[in-house]
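Here's the structure, in structure tokens; my notes come after.
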Amino acid sequence: MNGVVARRLFSRAIEPRDLVAVRLLLGGLALLPLAALRASLRLPLRRLPLVMSYAVALTLVQFNYFEAIAVAGVAVAIFLQYTAPLLVAAFEAARARRLPPRPLRAALLIAVAGSALLVLPGGPSRVPLAGLLFGLAAAVSFATATVLAGALRRQGVSALPLLAWGLTLGALAFWPARSPLSALATLPGSVALLLAMLEPVLAAALAWVALGEALAPVQLLGGLLILAAIALAARSRG
């Protein structure tokens, strides 16, 4: 529902950057008291640079995603953003200095093909270059935030205060200008992101029902290929 509501707001002259700032601030302020009750709000000082990096990445996820929605529409933006699990899987393979398993390599190729079909001309409106770039930037930011969160979780930082501070610090960074984290303690980042893979399907369906943003058959095929790639990657890791 998030993408559909955002698209409605953008049609009423709300700027994406303003929505990002408000969304981050409200999310952070809602989670800080909860974190204080259920865990500690303290973060080790030696982890502060990594926490700040996580906050920046989290902010860029929101900013690039909303800009992609404003330029290219909900379905295109969210399908592109959800290539992030594959980026995380590729990073994990590079860090381990080994090639990804064959199914994961196939998944990466399928995702690239799906992304290409998604942004090709042929739908009700052509996907602008800016929409493609913002969508891909959202995916890279999402993957980066996931990797950083996983590193912090493995270093003993609790998920709830990490997300609360990440949102709040991100909002403060935006103000002058106008995730399944718990699983990361034990799961690879790519697997944790796979748990949210139904979001693109639901967002595309809601965009069609509420906004009339229908994907052309070739674009729908591209989105389905991305989902198939994510499912293949999940199976290869299971």
Side-chain angles (χ1 to χ4, degrees), residues 1-10 12-70 74 77-78 81-82 84-85 87-88 91 134-135 137-187 189-190 192-193 195-196 199 203:
M1 297 178 64
N2 169 47
V4 175
V5 173
R7 182 73 164 174
R8 287 285 192 191
L9 291 173
F10 299 154
R12 299 179 183 180
I14 300 295
E15 292 291 332
R17 64 177 181 271
D18 296 332
L19 181 57
V20 172
V22 172
R23 186 170 189 257
L24 291 174
L25 182 62
L26 291 179
L29 292 180
L31 288 180
L32 283 174
L34 186 60
L37 288 174
R38 294 183 53 187
S40 173
L41 285 177
R42 292 184 185 178
L43 294 173
L45 288 178
R46 65 183 182 280
R47 309 296 183 211
L48 190 56
L50 203 57
V51 172
M52 292 296 294
S53 299
Y54 169 71
V56 170
L58 196 61
T59 303
L60 289 175
V61 174
Q62 304 295 318
F63 176 75
N64 288 312
Y65 174 53
F66 284 138
E67 287 286 357
I69 288 175
V74 177
I78 199 163
Q81 177 179 272
Y82 269 85
L87 297 179
V88 174
F91 170 79
F134 277 124
V140 172
S141 303
F142 196 0
T144 302
T146 303
V147 170
L148 291 172
L152 285 162
R153 292 287 289 123
R154 288 189 293 272
Q155 293 171 15
V157 178
S158 299
L160 191 54
L162 173 60
L163 184 56
W165 283 119
L167 292 171
T168 305
L169 292 173
L172 294 177
F174 256 88
W175 211 254
R178 287 263 254 229
S179 120
L181 288 177
S182 299
L184 293 173
T186 55
L187 293 178
S190 55
L193 274 175
L195 299 176
E199 184 176 349

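Note that this is a predicted model, so its numbers are computed, not measured.
In this structure, the side chain of Trp165 engages the main chain of Leu41 through a donor-acceptor pair within 3.5 Å.
Residues passing the side chain to side chain contact (heavy atoms under 4.5 Å, CB included) test with Leu87 are Ala139, Val140, Ala143, sequence neighbours excluded. In this view, Ser141 and Asn64 satisfy the side-chain hydrogen bond (donor to acceptor under 3.5 Å, both in side chains) rule, not counting sequence neighbours.
Distance check, rounded to the nearest 0.5 Å: CG of Leu58 to CZ of Phe142 gives 9.5 Å. Rounding to the nearest 0.5 angstrom, the gap separating the CG atom in Leu31 from the CZ atom in Arg38 is 10.0 Å. In this structure, CD1 on Ile69 lies 10.0 Å from CD on Glu67, to the nearest 0.5 angstrom. The structure places CG of Leu152 at 12.0 Å from CG of Leu163, a figure rounded to the nearest 0.5 Å.
Looking at heavy atoms from C-beta onward, Phe66 lies out of side-chain contact with Phe134 at the 4.5 angstrom threshold. The shortest side-chain heavy-atom distance between Gln62 and Leu19 does not fall under the 4.5 Å cut-off.
Considering every non-hydrogen atom in both Ala151 and Leu50, the closest pair reads CB-CD2, 4.2 Å. Of all heavy-atom pairs between Leu160 and Ala35, the closest is CD2-CA, 3.6 Å. Considering every non-hydrogen atom in both Ala55 and Gly166, the closest pair reads CB-O, 3.6 Å. Closest heavy-atom contact between Ala171 and Leu25: CB-N, 3.4 Å. Considering all non-hydrogen atoms of both residues, Arg153 and Ser158 come closest at NH1-CA, 3.7 Å. Looking at every heavy atom in both residues, Val147 comes nearest to Phe91 through CG1-CE2, 3.4 Å.
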| query | So Thr144 and Val56, side-chain contact (heavy atoms from CB on, under 4.5 Å) or not? Walk me through it. | reply | CA-CA 10 Å; Thr144 302; Val56 170; over 6 Å; no
| Yes or no on side-chain contact (heavy atoms from CB on, under 4.5 Å) for Arg23 and Leu167, after CA distance, side-chain angles and deciding distance? | CA-CA 9 Å; Arg23 186 170 189 257; Leu167 292 171; over 6 Å; no
